[in-house]
Amino acid sequence: MGEFDAEIYDIVRQIPPGRVVTYGQLARLAQRPRWARRAGRALANAPEGLPCHRVVNSSGRLAPGWPAQRELLEREGVTFRRNGCVDLSKHLWEEIAPIA
DNA sequence: CAGTTGACTTGCA
DNA sequence: GTGCAAGCCAACT
């Protein structure tokens, strides 16, 4: 595994419960702004125990072929819109702490 | 080696 | 809100 993948996993482990981040955000935080797709690939091959259910795409859409993800998020208090997407305006993780 | 694919994003209609 | 096109870049055929 490359350093990028390790960086992604490290960041994902720091996502607080009840919050979500986008693949693009992960890529930026790992200092590879254009590697959103590769971030997705890294998570597809993610080690067990990684809270990768807190990662969604820019629209708040969940990972395909993984119905359990929604339940995991709901369990943490994440709310969903009627179209089945995460309400990003409420649950998107702020990379930089808000000023006071 | 060339073409396709994907847990993506942004922009425009 | 939805849908489509282009851009993206490593991994896979």
Taken in chain and number order and not counting sequence neighbours, the residues that satisfy ring-ring contact (aromatic ring centres under 6.0 Å, His included) with Tyr9(A) are none
Hits for salt bridge (charged side-chain N to carboxylate O under 4.0 Å, His left out) against Arg37(A), two or more places apart or cross-chain, chain-then-number order -> none
query = dT9(B) phosphate, OP1 or OP2: any side-chain N/O from Thr22(A) under 4.0 angstrom?
reply = yes
Those residues at least two apart in sequence (or on a different chain) that pass side chain to side chain contact (heavy atoms under 4.5 Å, CB included) with Pro67(A) are none
Residues in residues 43-75 of chain A with a heavy atom under 4.0 Å of DNA chain C, by number, are none
Its contact letters, B for base, S for sugar-phosphate only and - for none at protein heavy atoms under 4.0 Å, make nucleotides 1-13 of chain C read SS----BBSSS--
Can I get a per-line list of side-chain donor-acceptor pairs under 3.5 Å for residues 71-79 of chain A, giving both atom names and the distance, sequence neighbours left out?
| residue | atom | partner | partner atom | Å |
| --- | --- | --- | --- | --- |
| Glu74(A) | OE2 | Arg70(A) | NE | 3.2 |
| Glu76(A) | OE1 | Gly18(A) | N | 3.0 |
| Glu76(A) | OE1 | Arg54(A) | NE | 3.1 |
| Glu76(A) | OE2 | His53(A) | NE2 | 3.1 |
| Glu76(A) | OE2 | Arg54(A) | NE | 3.1 |
| Glu76(A) | OE2 | Arg54(A) | NH2 | 2.6 |
| Thr79(A) | OG1 | His91(A) | NE2 | 2.9 |

Residue set satisfying side-chain hydrogen bond (donor to acceptor under 3.5 Å, both in side chains) with Asp5(A), at least two apart, ordered chain then number -> Arg38(A)
Self-check item: Inter-nucleotide P distance (dG7(C), dA7(B)), Å rounded
Solution: 22 Å
Residue pairs meeting ring-ring contact (aromatic ring centres under 6.0 Å, His included), one or both in residues 23-44 of chain A, sequence neighbours left out, come to Phe4(A)-Trp35(A)
The complete set of ring-ring contact (aromatic ring centres under 6.0 Å, His included) pairs with one or both residues in residues 57-76 of chain A, sequence neighbours excluded, reads none
Here the residues of residues 1-17 of chain A within 4.0 Å heavy-atom distance, strictly under, of DNA chain B are none
Looking at Gln31(A), I'd like to know if its CD atom is crowded, meaning that more than 12 non-hydrogen atoms belonging to other residues, nucleotides or ligands lie closer than 6.0 Å. no
Quick note, salt bridge (charged side-chain N to carboxylate O under 4.0 Å, His left out) partners involving residues 24-33 of chain A, not counting sequence neighbours, are Arg28(A)-Glu95(A)
Residue set satisfying side-chain hydrogen bond (donor to acceptor under 3.5 Å, both in side chains) with Asp10(A), at least two apart, ordered chain then number -> none
